[in-house]
A.B. asks: 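For reference, the structure I am asking about is given below.
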Amino acid sequence: MENMDKTYDPSFEKRIYEKWMKNKCFEAHVDPDKEPFTIVMPPPNITGQLHMGHALNQTVQDILIRFKRMCGYEALWIPGTDHASIATEVKIVEKMKEEGLSKEDVGREGFLERAWEWKKQYGGRIVEQMKGLGISCDWSREAFTMDENCSNAVLEAFVKYYKKGLIYRGSRIINWCPCCHTALSDAEVEYEEQKSNLWYYKYPVVGEDDAIVIATTRPETMLGDTAVAVNPKDPKMSRFIGKTVRLPLTDRTIPVIGDDYCEIGFGTGAVKITPAHDPNDFEVGLRHNLPVIQCIGEDGLMNENAGKYQGMDRLTARKAIVNDLTQLGLMVKIEPYSHNVGTCYRCGETVEALISKQWFVKMKPLAEPAIKAVKSKRTEFIPKRFEKTYFNWMENIKDWCISRQLWWGHRIPAYYCDDCGETVVSKTAPDKCPKCGGHMSQDEDVLDTWFSSALWPMSTLGFPKKTKALNYFYPTSVLVTAYDIIFFWVARMIFSGLEFMDDVPFSDVLIHGIVRDAQGRKMSKSLGNGIDPLEIIDKYGADALRFSLATGIAPGSDTRFTEGKIENCRNFVNKLWNASRFVIMNIKEGEKLEMPTRPTGADKWILTRLNDVIREVTVNLNKYEIGLAAARLYDFVWSEFCDWYIEMSKPALYSGDAKLHEHQIAMLVQVLTTILKLLHPFIPFITEEIYSKIYPDDILMLREWPSFNKHRVYRKEEGEYEGLRELIGAVRNLRNEMNVAPGKRISAYIATSDEKFMTSVAPYLDKLAGVGEIHFVADKSEVEGKYCAVVSRLAELFIPLGDLVDEKKEIERIKSEIAATEAVIAKAQGLLSNQNFIAKAPQKLVDGEQAKLDAALDKLEKLKDKLAAYEA
RNA sequence: GGAGGCAUGGCUCAGUUGGUUAGAGCACACGGUUCACAUCCGUGAGGUCACAGGUUCGAGUCCUGUUGCCUCCACCA
């Protein structure tokens, strides 16, 4: 048949992808006769290009979706990209900076034009990258978080939440990034440990010759202090309560209050309270009705409340204040101190706690059903331990700040009257104020990017429209994502789904790990250790990349990407290529390739093994144990199909007997095509390519998944051939140890209880162990001259090696085998003499031990005979 | 402070509900070029499964404790 190149070259991948696209293989449709299986892709940010994490994430999803599609589900995988409000805006601002432009220079309109241009460029590139990976998503449904339908979903959600009182606008203390110039949600703040100091200084008590020492890591916020708190139960400090202290560097005095927020025994026993710049202090301020004085502005600079420090940035002001306090003799001591500082997850700038008027989602009422949904297993996490993380977050959740002072994103559908200040929240802009008829202006801010992501499983299926697709495909089957966005995304999708669809967005959440570098470090831009999936695809092919990502992964665990692993997987793919090449080049014109009705012993062995593989791979894929499934296939294809079955097929193929040949090639084709199907979800390109060489008019990805066939399981033959493999291994070992030339064929005397079987496998002994000539004997007494013996459960082989036999070596070999056999006997006897074992262990195991013991005793006897013969 | 994970040959990892002699890849040693594949084939060496207890007929696997590494959450100034 058709020639295949000697070495696997993945350049056919593009052609195969086009074939799938042309045949609309990825498209799914509402089909009431079939059960849907749906995945929505976590939309990659349009900030740049795909990294290994995306490749892993998408490989996992593609494996699942291809598997389920072959299993007969109406399998829908919806692709898309995320506008990534803040992340993209940061990138665009950076790029504009290179041109010497700022956001203000180009204005809102101009900026948005640039953003859409960016989306077109990077979003398009990402799609091309995804196609290169071979993923089978339905591109006709490709979505973008800011396309028309997703935007409608956002409007619908915002307005509905607002009408229910679940969205409100208010002045609260929020996280502010002075660099991105926007509010952030709690989830968007990352804490990192920084070395700093703890400054101790005095606040003099008014009217007394006394002072309270406070300690702080942020002296610059003292200008916003409105109280000093001590614990009322603290015997040393409670006397200060009700007194007033002078706030140094200002002309203000502030009260000393009692509040158990101040912990006894910690620090100096007193803590300065700055409600405007610390969330805890803000709470204390509310309890004591303290004024709020903001001294740091949104630009990160000291403001008009900072007196002479006005205009300084935070760190400069800190130095100046420390200096001034020292000059005044108020500084007591400075200690080195490391503590966690909140930073912006996008730009890394230290975030500032500020009081600001923002929009919030009230979380408690939404969290409650979301917790219930997971507790009642409507949604399950795999692995389960992540449910704990989820509960912990949901149970301690605070209101979600959703407004961002950015331009790229969904503009908040709130309108304020220029005249009377009336607020209207509506999907469409009101022409005039319903109260006073004045002009209404839309809120300048946009929504947190995660607000739209939270609606993704619905909005991609048509929500807010009640589409047939939404009805059929929702709730989706499984969400596949890394553990780092459980809070950002997974949790928020769950409460949004429950709120708007009255149902969870997905039944399962499959959490995978992150891809690390060879040293186990996180791949990151700053370390420069990222590996570009595209380069790997260029060098090794997408299949090799996919297989290396799928091998050895376990739910929830990180994985390392190493050059060695990718090479190994490329070699595996090459192995499959060559095995297929062997099969295909041996197909003769006109041969029937259907499954033969009368399998031989070796056929029965491989069919039994194959059926076990089908069962295990299917079970593991259903359990999301992708790594186990991949490893099982790897081992089976390489060590059983290639190393044994193909080798065993050669005598028949080269026999010159046309009937034998046809039977053998049909078997090979049948086993191979089953293997291709099983491997297809993992390495779709090469399997499709090979399949097309056998069945040019067919498409593998649309074929049915193999099922376990109990009529093709032959345990007897399986056992016999496993025995044969052992025996051949033992002969090979002997040949090696005795330095028999690899090409040299040897003869053997065989003592066996099953002469018929041993006769039937004679060709294999010849081909695989170089035993060209066999003579059956009753026992060793019939063997003349020097020989070595191989004892196995099937037979005893006596191999005359003439002068090659080194008696001393042979005696050593026998002795070590006796020792090994005795160890087996000792263990089995130990177990079998233990009454508890007999009574409590499963019968199958007891029988197994007994059989093992009998075989070992028999073997030992023969070995001992042999040894005695030598030593005599 | 709270929660979770990991610890298996030189390296990277498998090992599912406890049950043969704990597996694989890489690396290593020895041997191999006609007949699919040197991106290959055969053989071999290498492990007290972190440590200490416990449960069990039986523990790499379950429980308790110890040590070391890692992650997430909280953020007490």
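In the text below, chain A, chain B and the rest are named by the order of the sequence lines, each starting its count at 1.
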A.B. asks: Respond yes when some side-chain nitrogen or oxygen of A:Trp393 is under 4.0 Å from OP1 or OP2 of B:A3, and no when none is.
C.D. replies: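 For B:A3, OP1/OP2 do not have a side-chain N/O of A:Trp393 under 4.0 Å.
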A.B. asks: Can you tell me how far C1' of B:C72 sits from CG of A:Asn396, to the nearest Å?
C.D. replies: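 Nearest whole value for this atom pair: 14 Å.
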A.B. asks: Nearest to the side chain of A:Asn568, which nucleotide is it out of B:U39, B:G19, B:G25?
C.D. replies: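 Comparing B:U39, B:G19, B:G25 against the side chain of A:Asn568, the answer is B:G25.
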A.B. asks: Between A:Asn620 (side chain) and A:Glu616 (backbone), is there a donor-acceptor pair under 3.5 Å?
C.D. replies: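 It does hold such a pair.
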A.B. asks: Checking salt bridge (charged side-chain N to carboxylate O under 4.0 Å, His left out) against A:Glu722, which of A:Arg715, A:Arg609, A:Arg793 comes through?
C.D. replies: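 Output: one option passes, namely A:Arg609.
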A.B. asks: Tell me the partner of B:U66, counting only Watson-Crick (N1-N3 plus N6-O4 or O6-N4) or G-U wobble (N1-O2 and O6-N3) with both under 3.5 Å; none if nothing fits.
C.D. replies: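 WC or wobble partner is B:A50.
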A.B. asks: Whether A:Asp260 and A:Lys233 form a salt bridge (side-chain N of Lys/Arg under 4.0 Å from carboxylate O of Asp/Glu) is what I want to check.
C.D. replies: no
A.B. asks: Tell me the interatomic distance from A:Ile566, atom CD1, to B:U12, atom P, rounded to whole angstroms.
C.D. replies: 19 Å
A.B. asks: Can you list the steps and then say if A:Glu849 with A:Lys827 is a salt bridge (charged side-chain N to carboxylate O under 4.0 Å, His left out)?
C.D. replies: CA-CA 9 Å; A:Glu849 281 306 313; A:Lys827 183 159 185 197; over 6 Å; no
A.B. asks: Let's test this: given Watson-Crick or G-U wobble pairing with both distances under 3.5 Å, identify the partner of B:A27.
C.D. replies: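 With both distances under 3.5 Å required, B:A27 matches none.
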A.B. asks: Does A:Lys565 have a side-chain nitrogen or oxygen under 4.0 Å from the phosphate oxygens OP1 or OP2 of B:C13?
C.D. replies: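 Answer is no, no contact under 4.0 Å.
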A.B. asks: A:Phe572 and A:Phe547: aromatic ring centres closer than 6.0 Å?
C.D. replies: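 Yes, the ring centres sit under 6.0 Å apart.
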A.B. asks: Any N or O donor-acceptor pair linking the side chain of A:Arg570 to the base of B:U39 at under 3.5 Å?
C.D. replies: yes
A.B. asks: With rounding to the closest Å, how many angstrom separate the C1' atoms on B:U61 and B:G18?
C.D. replies: 6 Å
A.B. asks: Assess whether a salt bridge exists between A:Arg570 and A:Glu567, defined as any Lys/Arg side-chain N lying under 4.0 Å from an Asp/Glu carboxylate O.
C.D. replies: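 Looking at A:Glu567 together with A:Arg570, the answer is no, because their closest N to O distance does not fall below 4.0 Å.
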A.B. asks: By nearest atom, which of the nucleotides B:U16, B:C37, B:C72 is closest to the A:Glu647 side chain?
C.D. replies: B:C37
A.B. asks: Report yes or no: is there a donor-acceptor pair, N or O only, under 3.5 Å between the side chain of A:Glu625 and the base of B:A14?
C.D. replies: no
A.B. asks: Please determine whether a side-chain nitrogen or oxygen atom of A:Asn571 lies at a distance below 4.0 Å from atom OP1 or OP2 of B:C40.
C.D. replies: yes
A.B. asks: Which residue, A:Val613, A:Leu633, A:Leu672, A:Leu576, forms the side-chain contact (heavy atoms from CB on, under 4.5 Å) with A:Phe641?
C.D. replies: A:Leu672
A.B. asks: Would you say B:G4 has OP1 or OP2 under 4.0 Å from some side-chain N or O of A:Lys388?
C.D. replies: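 Answer yes for this pair, as a side-chain N or O of A:Lys388 is under 4.0 Å from OP1 or OP2.
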A.B. asks: Are A:Asn733 and B:G44 close enough that a side-chain N or O sits under 4.0 Å from OP1 or OP2?
C.D. replies: yes
A.B. asks: Taking the P atom in each of B:U43 and B:C26, what is the distance between them to the nearest angstrom?
C.D. replies: 14 Å
A.B. asks: Could you tell me how far apart A:Ile646 (CD1) and B:C41 (P) are, to the nearest whole angstrom?
C.D. replies: 11 Å
A.B. asks: Using the C1' atom on both, measure B:G31 against B:A45 and round to a whole Å.
C.D. replies: 15 Å
A.B. asks: If you measure from the C1' atom in B:G19 to the same atom in B:G25, how many Å do you get, rounded?
C.D. replies: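 Going atom to atom, C1' in each nucleotide, I get 27 Å.
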A.B. asks: Can you tell me how far the OG1 atom of A:Thr217 sits from the NE2 atom of A:His339, to the nearest 0.5 Å?
C.D. replies: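 Here the rounded value is 4.5 Å.
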A.B. asks: Assign each of A:Ile728 and A:Val740 to its nearest nucleotide of RNA chain B by heavy atoms, then name whichever residue's nucleotide is nearer the 5' end.
C.D. replies: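 By nearest-heavy-atom nucleotide position, the 5'-most residue is A:Val740.
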A.B. asks: Counting heavy atoms from C-beta on, name the nucleotide in B:A14, B:A77, B:C73 closest to the side chain of A:Leu628.
C.D. replies: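 Of the options given, the side chain of A:Leu628 lies nearest B:A14.
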A.B. asks: Figure out the CZ/P separation between A:Phe572 and B:G25, and round it to whole Å.
C.D. replies: 12 Å
A.B. asks: What does B:C75 pair with, Watson-Crick or G-U, if both distances are under 3.5 Å?
C.D. replies: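 Pair assignment: B:C75 / none.
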A.B. asks: Under 4.0 Å from OP1 or OP2 of B:U20: is there any side-chain N or O of A:Lys852 that close?
C.D. replies: no
A.B. asks: Of all the nucleotides listed (B:A24, B:C30, B:A77), which has the minimum atom distance to the side chain of A:Tyr261?
C.D. replies: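 Selected nucleotide (nearest to the side chain): B:A77.
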A.B. asks: Given B:C41, B:G19, B:U16, identify the nucleotide with an atom nearest to the side chain of A:Trp638.
C.D. replies: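 Nearest nucleotide to the side chain: B:C41.
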A.B. asks: Given the C1' atoms of B:A24 and B:U33, what is the spacing between them in whole Å?
C.D. replies: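 Between the two C1' atoms, the distance is 28 Å.
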A.B. asks: Round to the nearest Å and state the distance from A:Asp643 atom CG to B:G42 atom C1'.
C.D. replies: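 Rounded to whole Å, this separation is 10 Å.
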A.B. asks: Please work out if A:Ala631 contacts a base, only the sugar-phosphate, or nothing of the nucleic acid, heavy-atom cut-off 4.0 Å.
C.D. replies: nothing
A.B. asks: Answer with yes or no whether A:Lys575 presents, from its side chain, a donor or acceptor under 3.5 Å of a partner atom in the base of B:U39.
C.D. replies: no
A.B. asks: According to a strict under-4.0 Å criterion, is A:Tyr483 in side-chain N/O contact with OP1 or OP2 of B:G4?
C.D. replies: no
A.B. asks: Looking just at side-chain N and O atoms, do A:Ser11 and A:Asp9 make a donor-acceptor pair shorter than 3.5 Å?
C.D. replies: yes
A.B. asks: Expressed in angstrom and rounded to an integer, what is the separation of A:Phe641 atom CZ from B:C37 atom P?
C.D. replies: 15 Å
A.B. asks: According to a strict under-4.0 Å criterion, is A:Arg218 in side-chain N/O contact with OP1 or OP2 of B:A77?
C.D. replies: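 Looking at the OP1 and OP2 atoms of B:A77, neither is under 4.0 Å from any side-chain N or O of A:Arg218.
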A.B. asks: Between B:A24, B:A77, B:A36, which nucleotide has the shortest distance from any of its atoms to the side chain of A:His339?
C.D. replies: B:A77
A.B. asks: Strictly by Watson-Crick or wobble contacts shorter than 3.5 Å, is anything paired with B:U33, and which nucleotide is it?
C.D. replies: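 The base-pairing partner of B:U33, which may sit in any strand shown, does not exist here.
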A.B. asks: Between P on B:U71 and CZ on A:Arg516, what's the gap in Å once rounded to a whole number?
C.D. replies: 7 Å
A.B. asks: Does the structure show a Watson-Crick or G-U wobble partner for B:U20, both distances under 3.5 Å? Name it, or say none.
C.D. replies: none
A.B. asks: Could you measure between the two P atoms, the one in B:C70 and the one in B:A27, and give it in whole Å?
C.D. replies: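 So the two P atoms sit 29 Å from each other.
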A.B. asks: Measuring from the side chain of A:Thr216 (C-beta onward, heavy atoms only), which nucleotide among B:A36, B:U71, B:A77 has the closest atom?
C.D. replies: B:A77
A.B. asks: Between the base of B:C75 and the side chain of A:Asn340, is one N or O donor paired with an acceptor at under 3.5 angstrom?
C.D. replies: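 Yes, the side chain and the base share a sub-3.5 Å donor-acceptor pair.
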A.B. asks: Can you check the A:Asp635 CG to B:A24 P distance for me, whole Å?
C.D. replies: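 Distance check: A:Asp635 CG to B:A24 P gives 8 Å.
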A.B. asks: Could you please name the partner base of B:G60, counting Watson-Crick and G-U wobble pairs only when both distances are under 3.5 Å?
C.D. replies: none
A.B. asks: Could you check which of B:G42, B:A36, B:G25 has an atom nearest any side-chain atom of A:Cys642?
C.D. replies: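 When the side chain of A:Cys642 is considered, B:A36 is the closest of B:G42, B:A36, B:G25.
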A.B. asks: Using the P atom as the point on both nucleotides, what is the distance between B:C63 and B:A7, in whole Å?
C.D. replies: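 About 14 Å, rounded to a whole number of Å.
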A.B. asks: Which nucleotide wins on minimum distance to the side chain of A:Pro842, given the candidates B:G19, B:G31, B:U39?
C.D. replies: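 Ranking B:G19, B:G31, B:U39 by closest atom to the A:Pro842 side chain puts B:G19 first.
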A.B. asks: Look at the side chain of A:Lys6 against the base of B:A38 and say whether a donor-acceptor pair falls under 3.5 Å; ignore hydrogens and angles.
C.D. replies: no
A.B. asks: What nucleotide, of B:C75, B:C41, B:C26, holds the atom closest to the side chain of A:Lys398?
C.D. replies: B:C75
A.B. asks: Distance check: side-chain N/O of A:Tyr191 vs OP1/OP2 of B:U71, anything under 4.0 Å?
C.D. replies: no
A.B. asks: Just to confirm, is there a sub-4.0 Å distance from OP1 or OP2 of B:A36 to any side-chain nitrogen or oxygen of A:Lys650?
C.D. replies: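 Affirmative; the distance criterion is met.
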A.B. asks: Given that A:Glu737 and A:Asp186 both sit by RNA chain B, which one's nearest nucleotide is further toward the 5' end?
C.D. replies: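 Per heavy-atom nearest nucleotide, the more 5' residue is A:Glu737.
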A.B. asks: Is the NZ or CZ atom of A:Lys650 both under 6.0 Å from the centre of the six-membered ring of A:Phe582 and within 45° of that ring's axis?
C.D. replies: yes
